[in-house]
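Okay, so here's the structure we're looking at.
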There are 2 protein chains.
Amino acid sequence: MTVSVKEVAQRAGVSVGTVSNVLNHPERVSEAARRKVTDAIRDLGFVRNDAARQLRAGRSTTLGLVVLDVRNPFFTDVALGAEDAAAAAGLSVLLGNSDENPERESTYLDLFEEQRVFGVLISPVGDVGERLHRLRERGTPAVLVDRVSADETTSSVSVDDVEGGRVAVEHLIAQGRRRIAYVGGPFAIRQVTDRLEGAQRAIDASPDAALEVLTTHGLTVLEGRRIGEQIAARPAARRPDAVFAANDLLAMGLLQALVMQGRVRVPDDVALIGFDDIDFMTAAVVPISSVRQPSRLIGETAVRLLLAESEDPSVERQRIEFTPELVARASTGVVAEDQRNSGA
Amino acid sequence: MTVSVKEVAQRAGVSVGTVSNVLNHPERVSEAARRKVTDAIRDLGFVRNDAARQLRAGRSTTLGLVVLDVRNPFFTDVALGAEDAAAAAGLSVLLGNSDENPERESTYLDLFEEQRVFGVLISPVGDVGERLHRLRERGTPAVLVDRVSADETTSSVSVDDVEGGRVAVEHLIAQGRRRIAYVGGPFAIRQVTDRLEGAQRAIDASPDAALEVLTTHGLTVLEGRRIGEQIAARPAARRPDAVFAANDLLAMGLLQALVMQGRVRVPDDVALIGFDDIDFMTAAVVPISSVRQPSRLIGETAVRLLLAESEDPSVERQRIEFTPELVARASTGVVAEDQRNSGA
DNA sequence: CACCGCATCTGAATCGTTTCAAAGCAACTC
DNA sequence: GAGTTGCTTTGAAACGATTCAGATGCGGTG
């Protein structure tokens, strides 16, 4: 059924070793032999069996990336950055979607480990320190993405979520808002907690501001819509005058629910700010303010750190933390002259 | 470094065959032996080497999915559907992003073939008939996604793009528009051509309507913005009164460019409709009309067909074609009471 | 012409798992 | 007690690519 090196060797009239050399070390092979072998490969339609190759090599040329939610453009952007950087190093990326579910996360890690992937990038749901430790002991390096590493053994690439949260709420306060709601969850996700902490700091710095926390079951448009409906249903006096959503998908859902009911005006009644600054924010009913993360760069950097660690496992671990950037738009009362040029 | 079955066997005091049986056919093994083996596995931290397993088995439990653009929520939804269906069959999905680039597409197909993936799902850029034929000859089944198969040898799951295009433009005409622009490209992508053909049909059915074609280099927000700026820059009399965008990302970009310049009102001056009906459309500045495709279902169905073909390679090929559905919103002058509940 | 160095080629050994024919063993039948 | 049955276990063979120590051949040298 499948053509193997042996058959190629036979057809070309050389040994299997020579075939392998043509494939992997062409400089060691004479012009004539190379010709014969490449011809035979073409004629027979030979395709290298990666499993056999890996078995011998001990490690694959694939790296695994586990994200919290593939539907979130932030993560597809991270994946894109990772893919680029990996491709440049001759690696490819296997993308897993944990859907904020620790079990699925664990399943993907198992899968990656069985595959002896080159390395793992992960945006974890819960605490994976122990897990990554074991992985590394068995020779698979790992890098945390969008989360600061808790110990010295793991590199990480992230954004200062606390600062991001602080900046977001500071901005809301600067716009005159005082009764602020934080929408996010579950709190097992570190980003959710950190952004809240940042929010709290900004509140603490402003004596007359108050923070209310509304918990969601996930960071999705649907959950945002649910909370938005709750807020819209309240009597006007009991509504917050600003909402900081833990990410843009939530913000999107919130906006839909608030505006479409027609009862709440954004930003007049309620200001709104999200987090991530995904491309779609500019095009929202009311362009939504957000806190921008350099998503592609995060992916690229994570791969770079992974490569460094894999080349020299004793290399010092790095915790790279980017500083997020406030992007103010109409949803927080800033008249947006917002022709930003995102993308390439 | 790595623990193998041999070491597990030694530690447990049994043969390697027994270890393998514990892993793969536990019912064949006595309770006592199973205990000893599982204990040894735990103690040693044994993790199966998938490469070796595959080498023996001849085929992996991973399937490859190549999409045109991971950043397009339509494709992540398809991927999600595929992932679900695959997981139910004990398979996992390797996601590749061709970025509408035939070379990248080809690279992913090579990669998948070397990996001896279980099967390939592909939303092709150009003509891959020949390529898939060769793949199948070597034992890897393939299913086309979001594209009708050109021959009898390949199954496909798609949406009737011609009908979708027709419905979209028919709707624009019904809303009183006559000078209609189609925005899309490159035309190597079949969906782009088919949707145009549908548009043309609707135009042909209405003697006083005219169609103008504006070509883009890709189906992205950025390209949409570029064309939108061109349209906005025209004198009002030379503008179309309706735009049909080949997909939602383009529509999003168009909307941004049209509305944000402040010169063109949507839908008053220019009506706008997209294609795919991604989640974000409801939340746009002006909620954008679209043609909905059952994206998750497409992914699930594709996996189903792949499984069928892999079980019995002689099974009859199917071309499943879903009928897309018009979703009218404010961007085409329909007052949207649009609380649709998308997602789970 | 014997010897050397160099470039090239060879093929057995190896990676770790699964499979499967054969063997071992205990219980049971006649 | 010989024979049979059925359950477990064994261990060598196989999967296909890569590696590497040694073989081969060739031109050049003294």
How close or far is atom [atom2] of [N] from atom [atom1] of [X], stated in whole angstroms?
| X | N | atom1 | atom2 | value |
| --- | --- | --- | --- | --- |
| B:L55 | C:dC15 | CG | C1' | 9 Å |
| A:R59 | C:dG16 | CZ | P | 12 Å |
| B:K6 | C:dT14 | NZ | P | 9 Å |
| A:E114 | C:dT17 | CD | P | 10 Å |
| B:H25 | C:dT17 | NE2 | P | 15 Å |
| A:N21 | C:dT10 | CG | C1' | 10 Å |
| A:R28 | C:dC9 | CZ | P | 12 Å |

Q: Give a yes/no on whether any side-chain N or O of A:S15 is located under 4.0 angstrom from OP1 or OP2 of C:dT10.
A: yes
Evaluate whether atom [atom1] of [X] has more than 12 neighbouring non-hydrogen atoms of other residues, nucleotides or ligands under 6.0 angstrom away.
| X | atom1 | result |
| --- | --- | --- |
| A:R131 | CZ | yes |
| B:R190 | CZ | no |
| A:Q10 | CD | no |

Closest to the 5' end of DNA chain D, once A:V47 and B:R56 are matched to their nearest nucleotides, is B:R56
On DNA chain D, more 5' by nearest nucleotide between A:A52 and B:V29 is B:V29
What is the first contacted nucleotide of DNA chain D and what is the last, in 5' to 3' order, if contact means an atom lying under 4.0 angstrom from a heavy atom of chain A?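 First-to-last contact on DNA chain D, by the 4.0 Å heavy-atom rule, is D:dG16 to D:dT19.
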May I ask you to say what [X] touches in the nucleic acid, namely base, sugar-phosphate or nothing, with a heavy-atom cut-off under 4.0 Å?
| X | result |
| --- | --- |
| B:A33 | sugar-phosphate |
| A:T18 | base |
| A:N24 | sugar-phosphate |
| B:A57 | nothing |
| A:S30 | sugar-phosphate |

Judged by nearest nucleotide, the residue sitting upstream toward the 5' end of DNA chain C, A:V14 or B:R53, is A:V14
*Just checking, is any N or O donor in the side chain of A:T220 or A:R71 under 3.5 Å from an acceptor N or O on the other one?*
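Checked: A:T220/A:R71 side chains show no N/O donor-acceptor pair below 3.5 Å.
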(request) Before accepting this row, confirm whether a basic side-chain N of the pair A:E309/A:R136 lies closer than 4.0 Å to the acidic partner's carboxylate O. (result)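 A salt bridge is present here (some side-chain N lies under 4.0 Å from a carboxylate O).
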Taking the basic N atoms (NZ, or NE/NH1/NH2) and the acidic carboxylate oxygens, is any pair closer than 4.0 Å for A:D50 and A:R53?
yes
>> Quick one: does any side-chain atom of A:S156 pair with a main-chain N or O of A:S149 as donor and acceptor, under 3.5 Å?
In response: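 At least one qualifying donor-acceptor pair exists.
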